[in-house]
Amino acid sequence: MASSSLSRYQSKRDFSKTAEPSGVTTVAPSERRRFVIQKHAASRLHYDLRLELDGVFKSWAVTRGPSLDPKEKRLAVEVEDHPLGYGDFEGTIPEGQYGGGTVMIWDRGFWTPEGDESPEDAFKKGTLKFRLDGEKLHGSWVLVRMKRDRSGGKRTNWLLIKHRDEFARENDGDAILEEDRSVASGRTMDEIAAGKGARPKPFMLKSKKAAPANAVWNSNRAETANTAKTRASKTTTSRRAKTNSSPAEKDSADAVVMGITITKPEKILWPDAGDGHPATKLDLAHYYEAVGPWMLLHLKGRPCSIIRAPDGIGGERFFQRHAMPGTPNVFTLTKVAGDEKPYLQIDRVESLAAVAQVAGLELHPWNCQLGNPEVPGRLVFDLDPAPDVDFAAVIQGAREFRERLEALGLVSFCKTTGGKGIHVVTPLSSSKKDQLTWKDAKAFARDLCMQMAADSPNRYLATMTKKARTGRIYLDYLRNDRMATAVAPLSPRARDGAPVSMPLQWTQLRASLDPRQFTIRTAPALIAKSTAWQDYCEAERPLAPAIKQLSKAKAA
């Protein structure tokens, strides 16, 4: 079926002049459907969305690019099916050829159909719902086919729309487009057009002999195949020489941690764990073993998403929330209303060793009540500073949050995020008599952030508008929704230096505090002697009285 559906694609291209994949090369099947989004500077700049289906890439030209704002409906023009090998294409299509211009692999990863219908049936009917687990885009989306082309043409037009979830960003949906480097090579469009920089790392073909950045993928046939082969060989030899000159991964026997076998234990996940030495899969497993009992209080009984990086922080990453084939039985599988697929839940310390085995670098649990995904169990306020804001200002903002919450009868705790931010966390109690809803929790969090931003507009803002963030701290309340998550206390982060989200006492928030000191190397010893968060469970308070009090303050 794939070969017949590519006839239109192949008829549009002269493969003696363009190095785009012809579709002849067979791409190995994957357990998960893949997607790619390519930024394409043709006659008009656009983004090409490609979803793997029926052995090809179903493709749409998204004229203004994807938006994270659910209110934005982006035109997506259906184009011809593309071969799966196109998922590795980054370079320049020669002028005069169909689609001539520079192509960047802007995002890629895996997609999962949503809903009761098969994706094939959903595509035919014109409403295709799906989740993206990419390097830039995540969460739930939908493609809706329009009834007709309003301009009277023969194009098949769709609308690409972001669903409301923890990854949605109202009123700032285009900020994601500012992340403008290739996920395959790290290059800009100008560098790709010039044939400079690193070669794109293969994703579809999994080839270890990818062509140099300025050879095959530049679609310039002026050099002969032998010349390209020679240059590719030299580049590969050079890369191997560099690899051999640095600490290489060791071949070693499997290790066992908490009863879980850790394969490839010497696999490097962080090149530098903040101490000049790399951190491996085995290091991660031992870290989880050391802090697991502490973490479990905040993980147990709640669906948990995992950010996995099988090749370390410099390689592919994907976001896993559902159980997959072969999921170890140390995980609890929990059902969530509205989703047929079970979610992962970490209820045992041994589960964390299984997380390490699959290179799970980050843990993001729901903020629900223990054992009840439908009821809020805590509020999380994320203070996210602009790059030019000092950490001392973030500390001051966290303290202000604490004061405002205490005035409303709520107790709060603080932790670093693994970056320059701080999370202020408020545990909530719940009763059958006074059942709190997610809508209530999100509205309260939003109102409190809006009030704080209104009182100090030069210091804070509560809308994620990058252009307006200079010198200010973004007060993110969007983690307080039904399917929203926040990084768990003591969770590592997939960032340089192997930092962790460190629980702190309020007295530790001093101007001299450096959040970079908290890593998978240092955190176990620090948390073992810390009293931070020790009264967390006793601090649970009902939210209803605070909602009433805040409403009165707004009305006054």
Side-chain angles (χ1 to χ4, degrees), residues 297-298 367-370 375-385 389 391-417 421-431 434 436-462 472-481 484 486-489 501-513 515 530-556:
L297 174 65
H298 304 280
N367 294 313
C368 59
Q369 289 287 339
L370 190 152
V375 179
R378 57 190 170 220
L379 299 177
V380 178
F381 299 93
D382 182 7
L383 289 88
D384 184 7
V389 175
F391 192 62
V394 186
I395 291 174
Q396 184 179 355
R399 287 175 174 162
E400 183 175 342
F401 255 121
R402 182 192 188 194
E403 293 172 359
R404 288 175 180 265
L405 290 166
E406 284 185 344
L408 296 171
L410 298 173
V411 182
S412 59
F413 298 81
C414 63
K415 65 184 181 74
T416 64
T417 63
I422 291 177
H423 282 173
V424 176
V425 182
T426 301
L428 303 175
S429 62
S430 178
S431 65
D434 186 18
L436 181 68
T437 68
W438 283 109
K439 183 178 180 181
D440 295 332
K442 184 178 181 181
F444 173 83
R446 180 195 63 230
D447 290 347
L448 185 61
C449 289
M450 291 292 187
Q451 182 190 78
M452 191 164 158
D455 290 346
S456 303
N458 293 327
R459 295 171 57 197
Y460 310 116
L461 74 165
R472 294 193 284 178
I473 299 170
Y474 170 48
L475 308 179
D476 186 355
Y477 60 86
L478 296 174
R479 302 179 188 280
N480 303 294
D481 212 341
V487 66
S501 178
M502 189 68 185
L504 299 172
Q505 296 173 301
W506 282 105
T507 55
Q508 291 178 270
L509 282 189
R510 299 184 295 269
S512 60
L513 182 69
S530 174
T531 58
W533 295 42
Q534 64 179 4
D535 55 346
Y536 181 89
C537 293
E538 291 74 20
E540 293 179 349
R541 299 289 186 272
L543 186 58
I547 292 176
K548 292 179 181 178
Q549 192 171 340
L550 186 62
S551 297
K552 289 181 181 179
K554 285 176 60 179

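Since this is a predicted model, take the numbers as computed values, not measurements.
- When side chains are defined from C-beta on, L436 does not count as touching S430, because their heavy atoms never get closer than 4.5 Å.
- In this structure, R459 has no side chain to side chain donor-acceptor pair (under 3.5 Å) partners at least two apart in sequence or on a different chain.
- Distance alone, capped at 3.5 Å, is enough to place a donor-acceptor pair between the Q549 side chain and the A407 backbone.
- In this structure, P503 and A532 approach most closely via the heavy-atom pair O-CB, 3.8 Å.
- Without hydrogens or angle criteria, S501 side chain to T416 main chain gives a donor-acceptor distance under 3.5 Å.
- Checked against ring-ring contact (aromatic ring centres under 6.0 Å, His included), F444 has no partners two or more places apart in sequence or in another chain.
- The side-chain contact (heavy atoms from CB on, under 4.5 Å) test applied to A544 returns D434, not counting sequence neighbours.
- None of I547, L543, L448 except one satisfies the side-chain contact (heavy atoms from CB on, under 4.5 Å) rule with L408; the exception is L448.
- For D382, the side-chain contact (heavy atoms from CB on, under 4.5 Å) partners are D384, T417, H423, D476, R479, not counting sequence neighbours.
- Taking T426 as the reference, nothing meets the side chain to side chain donor-acceptor pair (under 3.5 Å) condition, with sequence neighbours excluded.
- Between P385 and F391 there is no side-chain heavy-atom pair separated by less than 4.5 Å.
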Set out, in order, the CA-CA distance, both residues' side-chain angles and the distance that settles side chain to side chain contact (heavy atoms under 4.5 Å, CB included) for D455 and R404, then state yes or no. CA-CA 12 Å; D455 290 346; R404 288 175 180 265; 2.9 Å; yes

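- Annotation: side-chain contact (heavy atoms from CB on, under 4.5 Å) contacts of R472 (sequence neighbours excluded): L461, A468.
- Residues satisfying the side chain to side chain donor-acceptor pair (under 3.5 Å) test with S412, not counting sequence neighbours, are none.
- Taking the side chain as every heavy atom from C-beta outward, V425 and H298 never approach each other to under 4.5 Å.
- For the residue pair V394 and L383, the shortest heavy atom distance occurs at O-CD2, 3.8 Å.
- P376 approaches A441 most closely through the heavy-atom pair CG-CB, 3.8 Å.
- Put simply, CD1 on I473 and CD on Q396 are 8.0 Å apart, with the number rounded to the nearest 0.5 Å.
- The shortest side-chain heavy-atom distance between I395 and C414 does not fall under the 4.5 Å cut-off.
- Contact check on E403 versus R399 returns no salt bridge, with no Lys/Arg side-chain nitrogen under 4.0 Å from an Asp/Glu carboxylate oxygen.
- Note that CZ of R378 and CG of L370 are 9.5 Å apart. Values are rounded to the nearest 0.5 Å.
- For the residue pair G397 and Y460, the shortest heavy atom distance occurs at CA-OH, 3.3 Å.
- Listed by first and then second residue, the side chain to side chain donor-acceptor pair (under 3.5 Å) pairs that reach into residues 531-541 are Q505-T531, sequence neighbours excluded.
- For S429, the side chain to side chain donor-acceptor pair (under 3.5 Å) test picks out no residue, with sequence neighbours left out.
- To the nearest 0.5 Å, atom CD of residue E400 and atom CE of residue M452 are 4.0 Å apart.
- Looking at V424 and L405, their side chains come closer than 4.5 Å, going by heavy atoms from C-beta outward.
- For A445, the side-chain contact (heavy atoms from CB on, under 4.5 Å) criterion is met by F381, Y477, N480, not counting sequence neighbours.
- Sorted by first and then second residue, the pairs that involve residues 443-452 and meet salt bridge (charged side-chain N to carboxylate O under 4.0 Å, His left out), not counting sequence neighbours, are D447-K554.
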